[in-house]
Amino acid sequence: MKKQILFPLIFGFISTLAIAQVPTDVYKMEAVSRPKISPEGSWILYSQSKIDAAKDRSVSKLYMMSSDGKETITLTEQTKGVGNYQWSPDGKYISYLTKGKEEDYGSQVFLMDRRGGEGVQLTNIKGEINDYVWFNNGKKMIVVVKDFNYADTAKSKIRTPYEMTRYKFKQDNEGYLDNRKTHIYLFDMATKKLDTLTSGNYNESSVAISADDSMIAYVSNVSENPDKNSNTDLFLLKLTKGATPLQLTNYKGANTSPVFSPDNSKIAFIQSSSERNFDMYDITQLGIYDLKSKTISIVSKNYDRSFSSIAWSIDGQSILSLIEDDRKQNLVQFNIQTQQPTLLTNEMGVYSSMDMNDKGDMVLLFANLETPNEIYSYQNKTTKRLTHLQDAFVASLKKGYHKGFQSTSSDGTVVSSILHLPDSGAKNLPLILFIHGGPVAQDDYAFDMTSRIYAAAGYAVATVNYRGSSGRGVAFTSAIYADWGNKEVKDIVGAADYLIKEGIVDPNRLGIAGWSYGGILTNYTIATDKRFKAGVSGAGSSLMMSVYGSDQYISQYEDELGKPWENPKKYEALSYPFYKVKEIKAPVLFMASQADFNVPVIGAEQMYQAFKSEGIPTELIIYPNQNHGIRVPSYIVHRHNAHINWFNKYLK
């Protein structure tokens, strides 16, 4: 039996602070991401994006800030689409990926002098560079390249027909999947020579280079059919003539994110907690492979929480990571000998994007209910805020009231949620339960623009971490395995009942909304509890048989539910909102993205059609050419307005 995490839990966290008033306030918000500390610790790279309302898109720029936060320099004023930026090992240059001169070749590595000037294209590789890693001597790079796509390079610009042979043949954002492979290459900075390190019928990724530049570690799925499972194993390749890859692990689950220890004797990595073919409901654990003894230890095995990001301490005796725990994410350090953790931060918020150099200087992002992400440093056992990029935005907003709360479901399960109100004295309000997707995710103590907008419109907004959510351990997450629309609905209804009992919510004005699995749960909930007077179901589905083969979750369906023709009653049981549509009373606005391969538009269309057939008030909104995550700013604003207008019509 696993021990529960031994860190102190704090419930009922309350914050009184500003809140967005209208949907168009999203145009004011800027986003900071991926801080990277320089090798000597003097400068920090980061990206900052904002919305260009005239062009209706988000625009990002790369900045360099002094480590004390006092000086900031804009680096990429004109360059578009900068990604995967890094420091050169000597700290004199900044590298990044963006489109090169040959646009058909995909993104290329560019190099920029940190003192100023335009970036210079370094590579001209025919293929798609997915990743790259500097050698510590700065003379070479590892580049991870996907085979060149010959399907749409004809002079006519008419793409050749999609011809597919794969078991899993589609993926949101990528589209239909072909048989191109991704391999690892060695790039010489001086000669521009490219040497092949891996080849064959499998994909390689997640490359790490040893401190002495003598070997690399990477991950690959070399099972009989990688499309049918979530497996990845660790491999080691010594960079000597004639060397061949050595498979280090033989785990049926996923091993990812290798990082060499400072003395090159060990490799830290992330491992899924189970060896199931589909590992959505797992937690992620911290593992160590000892290259001398050829043994593996899972240092976090006694702690029933997920860990992400890896950095070795300077002395190589501990691993720093981020731990997800009941609406929070904090910095933790694991002693690799005792396998005991020390919580380095314990904030009611979310740390992310941890980055540390070889000297032990660390930067990371932090957000809480009061403030969107800002850059912080961690030194001498304390964090220090370095940026105030969001101050003007936050100051421009009206105040609201936000607190964490817990409710008890009908079967006794304790569920953690977050409540957003227009003000601290608000009572007897109409309710919007805004349900997160995933389902394996959590609503946390971070800045939540969507909930603020709806609360500012006069609603009590509750985000519920139902069973199936992350942050509460394996049993809590996997409780819904092959049993969708049961325990989650009990938890959602239990949260509503708690808010009614507290006098915060009017029992006659209950609404529910969500996107993705949140849209699916919206359908389940209104089909179960007739007290709900309105719903907005985004990117959801209810006729589960029909999405088999039309979305990207083929391995989940067959692993978790079985094949439809072999287990049709299971698919039918999980489709009860569709089959019980005559019993549904709540008017529902259905939404979908036209190009969504995650939860295809057919899910919303079918429920809309069923509602229309039965005469239940309904509307359908489809966002053109959007994938699962809507990116066009005006569409995001439209979606917020559509929610508010729908709920105003039926709850006020």
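If you're wondering where the values come from, they're calculated on a predicted model, not measured in any experiment.
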Next on the checklist: Does either side chain, that of Ser470 or that of Glu324, offer a donor lying less than 3.5 Å from an acceptor on the other one?
Outcome noted: yes

Checklist entry - His640 and Tyr454: aromatic ring centres closer than 6.0 Å? => result yes

Checklist entry - About how many Å separate CG of Leu433 and CZ of Phe532, when rounded to the nearest 0.5 Å? => result 5.0 Å

Next on the checklist: Show every salt bridge (Lys or Arg N to Asp or Glu O under 4.0 Å) that has at least one partner inside residues 637-652, sequence neighbours left out.
Outcome noted: none

Next on the checklist: With no hydrogens and no angle check, just 3.5 Å: does a side-chain donor-acceptor pair link Ser416 and Asp326?
Outcome noted: yes

Next on the checklist: Checking Glu374 now: which residues fulfil salt bridge (Lys or Arg N to Asp or Glu O under 4.0 Å) with it, not counting sequence neighbours?
Outcome noted: Arg385

Checklist entry - Who passes side-chain hydrogen bond (donor to acceptor under 3.5 Å, both in side chains) against Asn277, sequence neighbours left out? => result none

Item to check | Under the side-chain contact (heavy atoms from CB on, under 4.5 Å) test, residues paired with Ala446 that sit two or more places apart | outcome: Val350, Ala367, Asp444

Checklist entry - Quick one: do the Tyr576 and Ser542 side chains pair a donor with an acceptor below 3.5 Å? => result no

Item to check | Non-neighbouring partners of Phe597 that pass ring-ring contact (aromatic ring centres under 6.0 Å, His included), sequence neighbours left out | outcome: Tyr176

Checklist outcome for this item: Here the gap from Leu651 atom CG to Ile644 atom CD1, rounded to the nearest 0.5 Å, amounts to 12.5 Å

Next on the checklist: Could you work out, with ring-ring contact (aromatic ring centres under 6.0 Å, His included) as the rule, every residue matching Phe269, not counting sequence neighbours?
Outcome noted: none

Checklist entry - Is it true that the side chains of Asp448 and Ser451 contain a donor and an acceptor less than 3.5 Å apart? => result yes

Next on the checklist: Can you list everything that forms a salt bridge (Lys or Arg N to Asp or Glu O under 4.0 Å) with Arg276? Sequence neighbours excluded, please.
Outcome noted: Asp282

Checklist entry - Which residue pairs pass the side-chain hydrogen bond (donor to acceptor under 3.5 Å, both in side chains) test when at least one of the two sits in residues 502-518, sequence neighbours left out? => result Glu488-Tyr517, Asp506-Arg509, Ser516-His628

Next on the checklist: Would Ser469 and Gln442 count as a side-chain hydrogen bond (donor to acceptor under 3.5 Å, both in side chains) here? Give the steps.
Outcome noted: CA-CA 5 Å; Ser469 302; Gln442 70 166 347; over 6 Å; no

Checklist entry - What about Phe366 and Tyr351, are their ring centers closer than 6.0 Å? => result yes

Item to check | Shortest non-hydrogen separation from Val601 to Ala592 and the atoms involved | outcome: CG2-CB, 3.6 Å

Checklist entry - Just checking, any donor-acceptor pair under 3.5 angstrom between side chains of Ser546 and Gln606? => result yes

Checklist entry - Can a donor-acceptor pair be found between the side chains of Asn648 and Asn645 at a distance below 3.5 Å? => result no

Next on the checklist: Among residues at least two apart in sequence or on other chains, which ones pass side-chain hydrogen bond (donor to acceptor under 3.5 Å, both in side chains) with Thr413?
Outcome noted: Asp411, Arg467

Checklist entry - Do Tyr623 and Tyr635 pass the ring-ring contact (aromatic ring centres under 6.0 Å, His included) test, and can you show the C-alpha distance, the side-chain angles, and the key distance before you say yes or no? => result CA-CA 7 Å; Tyr623 293 100; Tyr635 291 170; 5.5 Å; yes

Item to check | Qualifying salt bridge (Lys or Arg N to Asp or Glu O under 4.0 Å) pairs with a residue from residues 552-561, counting only residues at least two apart or across chains | outcome: none

Checklist outcome for this item: Thr522 meets the side-chain hydrogen bond (donor to acceptor under 3.5 Å, both in side chains) criterion, sequence neighbours left out, with none

Item to check | Within the 6.0 Å centroid threshold, strictly below: Tyr548 and Tyr553 | outcome: no

Next on the checklist: I'd like to know whether NZ of Lys168 has more than 12 heavy-atom contacts from other residues, nucleotides or ligands below 6.0 angstrom.
Outcome noted: yes

Checklist entry - Do any pairs count as a salt bridge (Lys or Arg N to Asp or Glu O under 4.0 Å) and have a residue in residues 514-534, sequence neighbours left out, and if so which ones? => result Asp497-Arg531, Asp529-Arg531

